[in-house]
Amino acid sequence: FPEASSHDEL
Amino acid sequence: MNIFRFAGDMTHLISILVLLLKIYATKSCSGISLKTQELYAIVFVARYLDLFTDFISVYNTVMKLVFIGCSLAIVWCMRLHRVVRRTYNKDVDTFRHYFLVLGCFLLALFVHEKFTFQEVLWAFSIYLEAVAILPQLVLLQRSGNVDNLTVQYVFFLGAYRAFYILNWIYRYLTEPHFGRWIASVAGLVQTALYADFFYYYFISWKNNAKLQLPA
């Protein structure tokens, strides 16, 4: 999955 | 995405499905803390504000919708469902959880990654999630032996954050500038809160006895 800089975790 | 995080998300999903199953199948929410469920609903709403602004992946968006939907459905069920609400024993679910909300919000005002509306609420949701289980653990202590599904619910909820700690270690080792300290420290505190529960859960599982929590 594209790891965005912001909070990419649930 | 790594296997630890995926396993963590799946155990988190299972914990919520176990809870929904218990409430739906038994039409009862005895032994479940409504306050913990309300705290989790606040956690998900506060954390997933970026649901409509930042698209990360289909998986991310779908899981956020599922978590928000299920947590609100559980609170709705326990408060308003004409059959289930009668089984809610509010005289044992007496933890003053509004202090947790206030304390976490004040902490988020001081400790956050960026002083923006979304980031402060994100930090607030991380802190609140770490302590959200307290009303449920207090209720378990009070009610002594509880039914298996509630115990499984707490067990999966603890396992999910333990997997996330492995995920943060993995990401710290593999990603150069991964510094997710707020979530990691709060996640450690959260898992530590479950530690004694896990100990008694393991003992009861080893002796194949019902879970006995010290009063």
Side-chain angles (χ1 to χ4, degrees), chain A, chain B residues 1-2 4-6 8-13 16 43-44 46-51 53-68 71 112-114 116 118-119 121-123 125-126 129 160-161 163-165 167-168 170-171 174-180 182-184 186-187:
Chain A
F1 301 108
E3 308 287 353
S5 64
S6 71
H7 302 298
D8 58 314
E9 293 178 346
L10 289 173
Chain B
M1 171 61 84
N2 59 65
F4 302 114
R5 194 165 116 210
F6 185 69
D9 291 341
M10 288 305 110
T11 32
H12 194 189
L13 184 63
I16 291 178
V43 165
F44 291 133
R47 186 177 306 173
Y48 299 152
L49 294 174
D50 60 348
L51 188 61
T53 53
D54 305 348
F55 176 77
I56 289 169
S57 68
V58 173
Y59 170 81
N60 190 274
T61 302
V62 167
M63 290 296 275
K64 285 177 177 176
L65 289 171
V66 167
F67 284 157
I68 288 181
S71 62
H112 42 261
E113 289 185 0
K114 279 198 302 284
T116 63
Q118 188 168 326
E119 280 303 318
L121 281 187
W122 180 82
S125 81
I126 292 289
E129 184 183 8
Y160 128 74
R161 218 55 182 164
F163 275 125
Y164 254 74
I165 289 171
N167 152 62
W168 290 318
Y170 176 84
R171 290 189 74 177
T174 57
E175 292 171 28
H177 54 280
F178 178 78
R180 190 65 58 81
I182 287 180
S184 309

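Naming: A, B, ... by sequence-line order, numbering from 1 per chain.
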| remark: Here the pair of heavy atoms bringing B:Asn60 nearest to A:Leu10 is O-CD2, 3.8 Å
| said: If I compare all heavy atoms of A:His7 with all of B:Ile56, which pair ends up nearest, and what's the gap? | reply: O-CD1, 3.2 Å
| remark: Rounding to 0.5 Å, atoms CZ (B:Arg47) and CD (A:Glu9) come to a distance of 9.5 Å
| note | Applying a strict 4.5 Å limit to non-hydrogen atoms, the region of B:Tyr164 in contact with chain A is side chain
